[in-house]
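Please read the structure below before turning to the comments.
Below, all heavy atoms of this structure are taken into account, side chains as well, without hydrogens, waters or symmetry copies.
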2 protein chains.
Amino acid sequence: MSSTDQIITVLKLEYLFKGCSDDFIGQMAAQGRIISANKGQVLFVSHDEAAYFYIVVSGWVKLFRETLDGAQAVVDILPTGHMFGETSLFENGEYPFSAEATESMKLLAVPMGLLQQEIENNPKMALAMLSAMARYRKHQDREIEHRTLQNAPQRIGCFLLRLADQSHEGAVKIHLPYDKTLLASRLGMQPETFSRALAKLKEKTGIKVNGATIEMDSLDQLVKYSCAACSSEFPCNDLPACRKVE
Amino acid sequence: MSSTDQIITVLKLEYLFKGCSDDFIGQMAAQGRIISANKGQVLFVSHDEAAYFYIVVSGWVKLFRETLDGAQAVVDILPTGHMFGETSLFENGEYPFSAEATESMKLLAVPMGLLQQEIENNPKMALAMLSAMARYRKHQDREIEHRTLQNAPQRIGCFLLRLADQSHEGAVKIHLPYDKTLLASRLGMQPETFSRALAKLKEKTGIKVNGATIEMDSLDQLVKYSCAACSSEFPCNDLPACRKVE
DNA sequence: TCTAACATTTGACAATAGTCAAGGCAAGTT
DNA sequence: AACTTGCCTTGACTATTGTCAAATGTTAGA
């Protein structure tokens with residue numbers, strides 16, 4: 001497979017580009033570049049001029065913001081096929097957060113101008129972008145709700161549920177997508193709190209924890225415990241930005 | 001002033017409609033209806049079919065979500081000139097939250113179809129809508145950050161700062177826009193916690209609290225105390241959805 | 001004016017989460 | 001095997017926030 005074909009495959013993973021013209025996809029493929037990043041490498045920092053948007057090719061990216069004294073708030077952690085940095089189009093051309101590779105990984109960088117042109121010239125693209133923004137907004141709204149109504153063990157349970165295959169009845173085996181310290185920050189808690197909260201979740205729901213592998217006979221207990229403190233009914237038709245795109 | 005002219009005045013308060021054609025504004029004015037709501041009146045509940053979007057004419061609207069056992073998470077509290085319910089266009093036609101009048105107030109209800117058509121037929125409108133969504137997203141992102149990094153007194157201080165006239169040096173007098181219980185829920189805390197946190201803020205920054213009126217010699221102390229736990233520098237060019245539109 | 005209905009504050013206490021320090025564990029290196 | 005490094009867990013303690021109950025203010029009506 002040629003490099004361009006590889007890039008096209010990556011582009012089509014991102015929901016926003018699913019229905020795009022071959023012409024536009026082709027342009028992005030021609031001007032896009034696959035780049036590598038090592039663990040801990042900072043791709044850009046908040047307020048950098050946003051010349052590119054990115055799509056995760058492999059690995060996970062941490063988006064975050066930082067105070068002067070170093071406290072971090074993780075905005076999101078994105079898997080393969082997810083786009084980021086594109087909202088800078090509407091934020092006076094600056095990235096609104098910093099981005100860091102959480103492991104050795106690959107990314108596709110595409111010049112922002114391409115997307116901007118397409119949105120401005122192709123009404124369908126603007127509508128698609130609107131859908132993408134709305135989807136994200138829903139995701140963020142739910143995040144705020146979770147932080148307000150769920151305690152630490154419930155948030156972990158909720159995350160596990162979104163990670164699990166919800167269509168499937170019976171026994172479930174889940175593998176945590178990235179390390180526990182990172183997951184803790186994703187859920188807005190300290191690593192120590194995560195460790196204790198997972199232990200409490202285990203005690204309350206009977207899940208079996210073995211390192212990064214979690215097993216249970218069924219999702220029922222988890223649903224009962226976590227979804228009680230959430231306004232959405234299980235299964236929440238969330239776009240799972242915590243699960244890898246197949 | 002005719003009823004239609006009144007409605008046009010209201011429509012032009014909303015940022016999204018600032019640059020719209022007189023034709024579209026006229027259509028909305030013709031099909032829009034001013035409605036009254038009493039304190040506590042529920043305008044719609046989450047998952048209702050979204051036939052109208054709304055603009056606040058006077059008073060404040062609480063947007064919230066609720067769990068089965070009655071716990072509430074306040075999504076936002078909107079003042080005069082702000083629109084809500086419009087995102088249902090991208091949420092399979094259902095409202096993603098419930099809305100309640102926090103006092104006796106007036107609202108403008110406009111059929112959703114009008115906005116939908118305009119967005120689909122007028123590329124400029126789609127772009128304006130994109131900007132509006134991006135602005136809102138920024139707002140929500142910051143909210144998550146505040147919940148993560150700021151404690152209760154700092155969140156109150158931050159809210160006061162956004163309420164204050166930041167361009168003006170020297171002594172400041174602020175009047176809380178709605179009652180403290182509601183403000184507490186807006187900031188994601190219990191009324192009791194709010195009361196104590198305000199007392200602590202007073203002690204830490206020397207602000208003078210008298211009922212709903214708050215005075216201080218300058219914003220400096222507040223900035224020092226609250227903005228230390230935030231990634232944005234003061235003054236944060238937030239769109240103040242907490243301050244009324246002039 | 002009086003009063004009922006709320007809003008706000010306060011006290012006492014419980015639950016939850018954060019902080020700091022010390023170990024344990026596992027994977028990879030020398 | 002011994003060592004290093006980073007991740008994770010645990011203990012002890014603190015800080016923050018929530019809960020429940022009671023007292024105090026406030027306000028809009030009757």
Test ring pair (Phe, Tyr, Trp, His ring centres under 6.0 Å) applied to B/Y95 - qualifying residues, sequence neighbours left out
B/F44
Starting at atom CD of B/Q190, determine the distance to atom P of C/dT9, rounded to an integer number of angstrom.
15 Å
Do any N or O atoms from the side chain of A/K224 and from the backbone of A/L219 form a donor-acceptor pair under 3.5 angstrom?
no
Across the strands shown, which category fits B/A197 at heavy-atom distances under 4.0 angstrom: base, sugar-phosphate, nothing?
nothing
Return the value, rounded to whole Å, for the distance between atom CG of B/L183 and atom P of C/dC6.
21 Å
Sequence-distant partners of A/E143, salt bridge (charged side-chain N to carboxylate O under 4.0 Å, His left out), two or more places apart
A/R147, A/R186
Here the distance between atom P of C/dA17 and atom CG of B/L149, to the nearest Å, is 17 Å
Tell me the interatomic distance from A/Q154, atom CD, to D/dG18, atom C1', rounded to whole angstroms.
14 Å
Residue list, side-chain contact (heavy atoms from CB on, under 4.5 Å) with B/A212, at least two apart or on another chain
B/H175, B/L176
Test side-chain contact (heavy atoms from CB on, under 4.5 Å) applied to A/Q72 - qualifying residues, sequence neighbours left out:
A/K62, A/F64, A/E66
Using atom CG of A/N151 as one end and atom P of C/dA14 as the other, report the distance to the nearest whole Å.
19 Å
Residues two or more places apart in sequence or in another chain: which of them pass ring pair (Phe, Tyr, Trp, His ring centres under 6.0 Å) with B/F84?
B/Y54
Report each atom pair, protein N/O against N/O of nucleotides 26-30 of chain C, whose distance is under 3.5 angstrom.
none

So which pairs with a foot in residues 36-52 of chain A pass side-chain hydrogen bond (donor to acceptor under 3.5 Å, both in side chains), sequence neighbours left out?
A/S36-A/K106, A/H47-A/E94
Protein-nucleotides 7-11 of chain D N/O pairs closer than 3.5 Å?
from, atom 1, to, atom 2, distance (Å)
D/dC7, OP1, A/K39, NZ, 3.2
D/dC8, OP1, A/K180, N, 3.0
D/dC8, OP2, A/K180, N, 3.3
D/dC8, OP2, A/T181, N, 2.9
D/dC8, OP2, A/T181, OG1, 2.7
D/dT9, OP1, A/K180, NZ, 3.0
D/dT9, OP2, A/S195, OG, 3.2
D/dT9, O5', A/S195, OG, 3.2
D/dG11, N7, A/R196, NH2, 2.4
D/dG11, O6, A/R196, NH2, 3.0

Whole-Å distance, B/I214 CD1 to C/dT8 C1', equals 14 Å
The contact string for nucleotides 24-30 of chain D, one letter per nucleotide 5' to 3', using protein heavy atoms under 4.0 Å with B, S and - for base, sugar-phosphate only and none, comes out as -------
Only distances under 3.5 Å count here; give the side-chain donor-acceptor pairs of residues 187-210 of chain B to other protein atoms, sequence neighbours excluded, each with its distance to 0.1 Å.
from, atom 1, to, atom 2, distance (Å)
B/T205, OG1, B/L201, O, 2.7

Distance check needed: D/dG18 C1' versus B/Q72 CD, whole Å only.
17 Å
Would you check if B/T87 and B/P96 make a side-chain contact, meaning some heavy-atom pair closer than 4.5 Å?
yes
Atom CD of A/Q150 and atom C1' of D/dG18 are separated, to the nearest Å, by 17 Å
The criterion is salt bridge (charged side-chain N to carboxylate O under 4.0 Å, His left out); which residues satisfy it with A/R65, sequence neighbours excluded?
B/E145
Name the closest nucleotide to the B/P153 side chain, picking from C/dG18, D/dT19, D/dT17.
D/dT17
A/A51: side-chain contact (heavy atoms from CB on, under 4.5 Å) partners, not counting sequence neighbours:
none
